[in-house]
**Student:** 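For reference, the structure I am asking about is given below.
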Amino acid sequence: DRPKVAEALRLVSENFDRVDPVQALRLLPDDTPLPDLAPWLERVVKHKSLLRRELQIHKNILKAQSFQAHEEVLVARSPSLKMTHKTVCSNCNKKISRAQVFAWYPNGVVVHFHCMQDKRLDPRTQKPFTLKEQAL
């Protein structure tokens, strides 16, 4: 019986990465000396530890990629405004310089800050913005 246990330990030790250690331990006799199990168990623990670290690294890489993709979506969805030397105030029709403070309405209308009358109203129509426009 002892030679069979030694052969079984040799097999599980050689195939430590393919054998379920819990099942293997259940199949071994209860009186199997711990020193006989030690080399196999050390390999199993090292392998499982390495596998766990690799999976943690992979998980963190995926998490970082997910955050990056989420940020890219937010940037792509966020409204932007391109000001040029030709940009004019929709209220007074004068150019807005880079040094001036301006207001940007949800519908894309740009005015000098001092020309802004009511931030809740479209300066062109004097009607309240829709919820869709306010979400932009």
**Student:** For residues Leu34 and Leu25: do they belong to one hydrophobic cluster (side chain heavy atoms under 4.5 Å, members Ile, Leu, Val, Met, Phe, Trp, Tyr)?
**Tutor:** yes
**Student:** Check whether any side-chain heavy atom of Met116 lies under 4.5 Å from a side-chain heavy atom of Phe102, and answer yes or no.
**Tutor:** no
**Student:** Distance from Ser97 atom OG to His85 atom NE2, nearest 0.5 Å?
**Tutor:**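 Answer rounded to 0.5 Å: 13.0 Å.
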**Student:** Among Ile, Leu, Val, Met, Phe, Trp and Tyr joined by side-chain contacts under 4.5 Å, find the other residues sharing a cluster with Leu62 and list them by chain and number.
**Tutor:** none
**Student:** Decide yes or no for Gln117 and Asn91: does some side-chain heavy atom of the first lie under 4.5 Å from some side-chain heavy atom of the second?
**Tutor:** yes
**Student:** What's the separation between atom CD in Gln126 and atom CZ in Arg120, rounded to the nearest 0.5 Å?
**Tutor:** 11.5 Å
**Student:** Please name the pair of heavy atoms, one in Leu121 and one in Tyr105, separated by the smallest distance, quoted to 0.1 Å.
**Tutor:**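 Smallest heavy-atom distance, with atoms named: O-CE2, 3.4 Å.
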**Student:** Going by heavy atoms in the side chains, are Met83 and Leu81 under 4.5 Å from each other?
**Tutor:** yes
**Student:** Is there a side-chain contact between Val110 and Ile96 (heavy atoms, below 4.5 Å)?
**Tutor:**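 With C-beta onward as the side chain, the pair touches.
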**Student:** Are any non-hydrogen side-chain atoms of Val109 and Val111 less than 4.5 angstrom apart?
**Tutor:** yes
**Student:** Would you say that more than 12 heavy atoms from the other residues, nucleotides or ligands in this model lie under 6.0 Å from the CD of Gln23, or not?
**Tutor:**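 No, the 6.0 Å shell around CD holds no more than 12 heavy atoms from other groups.
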**Student:** For salt bridge (charged side-chain N to carboxylate O under 4.0 Å, His left out), just list the numbers for Glu7 and Lys4, CA-CA rounded to whole Å, side-chain angles, deciding distance to a tenth of an Å, and then say yes or no.
**Tutor:** CA-CA 5 Å; Glu7 179 63 17; Lys4 288 182 181 178; over 6 Å; no
**Student:** Salt-bridged, Lys46 to Asp17, with N to O below 4.0 Å?
**Tutor:** no
**Student:** Sort and list the pairs that fulfil side chain to side chain donor-acceptor pair (under 3.5 Å) and have at least one residue in residues 59-72, not counting sequence neighbours.
**Tutor:** none
**Student:** Do Leu28 and Leu37 come close enough that some side-chain heavy atom pair is under 4.5 Å?
**Tutor:** yes
**Student:** Which ring pair (Phe, Tyr, Trp, His ring centres under 6.0 Å) pairs, counting each pair once, include a residue from residues 1-59, with sequence neighbours left out?
**Tutor:** Phe16-His47
**Student:** Nearest 0.5 angstrom please: Lys95 NZ to Thr84 OG1, how far?
**Tutor:**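 Here the rounded value is 8.5 Å.
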**Student:** Can you find a pair of side-chain heavy atoms, one from Thr32 and one from Leu9, that are under 4.5 Å apart?
**Tutor:**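 The answer is yes; the side chains approach within 4.5 Å.
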**Student:** Is there a side-chain contact between Val101 and His112, using heavy atoms and a 4.5 Å cut-off?
**Tutor:**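 Not touching, per the 4.5 Å side-chain cut-off.
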**Student:** Checking the side chain of Glu14 only, and the main-chain atoms of Leu11 only, is there a donor and an acceptor separated by less than 3.5 Å?
**Tutor:**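 Not at all, since once roles are kept as given, no pair shorter than 3.5 Å links the two residues.
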